[in-house]
Amino acid sequence: LEINFDYNSDRISTKSLPSVQALGRALANSDLKGSTFILAGHTDAAGGDAYNQDLSERRADSVKRYLVEKASIPAADLVTVGYGKTKLKDPTNPLAEVNRRVQVVNMENKTTASK
């Protein structure tokens, strides 16, 4: 699952809100209780490395905050990480909107997370 963000923003957009709400409902399902999810923030290639790293972390934190506050997901079940502009979804179009996202990964069957 991916949640897209507006340019230079760490706020969940109106367009992405239904996806985040659906994610909250899914994570609240008893079948997923106790699972750990990675919220991986990303940016497009505009701007400097340090700024984009910070923005990607704020995006992941924004999704986590929403899920904890609005969907009552335990904070301990959500791990945030920011990748800045190091893992573009569309490297041929580095400024594309698809690069500005938070990816949600279920770590239930994973033994390690790569950074």
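The figures here come from the full heavy-atom set of this structure, side chains too, leaving out hydrogens, waters and symmetry mates.
Within the 3.5 Å criterion, the main-chain N or O of Gly47 finds a donor-acceptor partner in the side chain of Lys85. A donor-acceptor distance shorter than 3.5 angstrom exists from the side chain of Asn99 to the backbone of Asn93, with no hydrogens or angles considered. Side chain of Asp77 to backbone of Lys33: no donor-acceptor contact under 3.5 angstrom is found. In terms of modelled atom types and a separation under 3.5 Å, the side chain of Ser56 and the main chain of Asn52 share a donor-acceptor contact.
Note that the CG atom of Asn8 and the CZ atom of Arg100 stand 9.5 Å from one another [nearest 0.5 Å]. Residue His42 holds its NE2 atom at 11.0 Å from CG of Asn4, rounded to the nearest 0.5 Å. We find the CG-CG distance between Leu67 and Leu27 to be 6.0 Å, quoted to the nearest 0.5 Å. Atom CZ of Phe5 sits about 12.0 Å away from atom OG1 of Thr43, to the nearest 0.5 Å. Atom OG1 of Thr80 sits about 7.5 Å away from atom CD of Glu57, to the nearest 0.5 Å. Atom CD1 of residue Ile12 and atom OH of residue Tyr66 lie 7.0 Å apart, to the nearest 0.5 angstrom.
Residues Val102 and Leu1 fall within the same hydrophobic cluster, defined by Ile, Leu, Val, Met, Phe, Trp and Tyr side chains chained together at heavy-atom separations under 4.5 Å. Linking Ile, Leu, Val, Met, Phe, Trp and Tyr residues whenever their side-chain heavy atoms come within less than 4.5 Å leaves Leu55 and Ile38 in two separate clusters. When hydrophobic clusters are built by joining Ile, Leu, Val, Met, Phe, Trp and Tyr residues whose side-chain heavy atoms come closer than 4.5 Å, directly or via intermediates, Phe37 is grouped together with Val68. Under the 4.5 Å side-chain heavy-atom criterion for Ile, Leu, Val, Met, Phe, Trp and Tyr, Leu17 and Leu23 are members of the same hydrophobic cluster. Hydrophobic clustering, with ILVMFWY side chains joined whenever heavy atoms are under 4.5 angstrom apart, keeps Leu95 apart from Tyr51.
Between Lys89 and the choices Gln103, Glu97, Glu2, the side-chain hydrogen bond (donor to acceptor under 3.5 Å, both in side chains) rule is met once, by Glu2.
For Asp10 against Arg59, the heavy-atom pair with the smallest separation is CA-CG, 3.8 Å. Closest non-hydrogen pair, Val81 versus Ala60, comes out as O-CB, 3.8 Å.
No side-chain heavy atom of Asn29 sits under 4.5 Å from any side-chain heavy atom of Arg25.
The closest side-chain donor-acceptor pair between Ser16 and Ser19, if any, does not fall under 3.5 angstrom.
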Run Asp54 and Arg58 through salt bridge (charged side-chain N to carboxylate O under 4.0 Å, His left out) and show every step you take. CA-CA 6 Å; Asp54 180 65; Arg58 287 187 285 129; 2.8 Å; yes

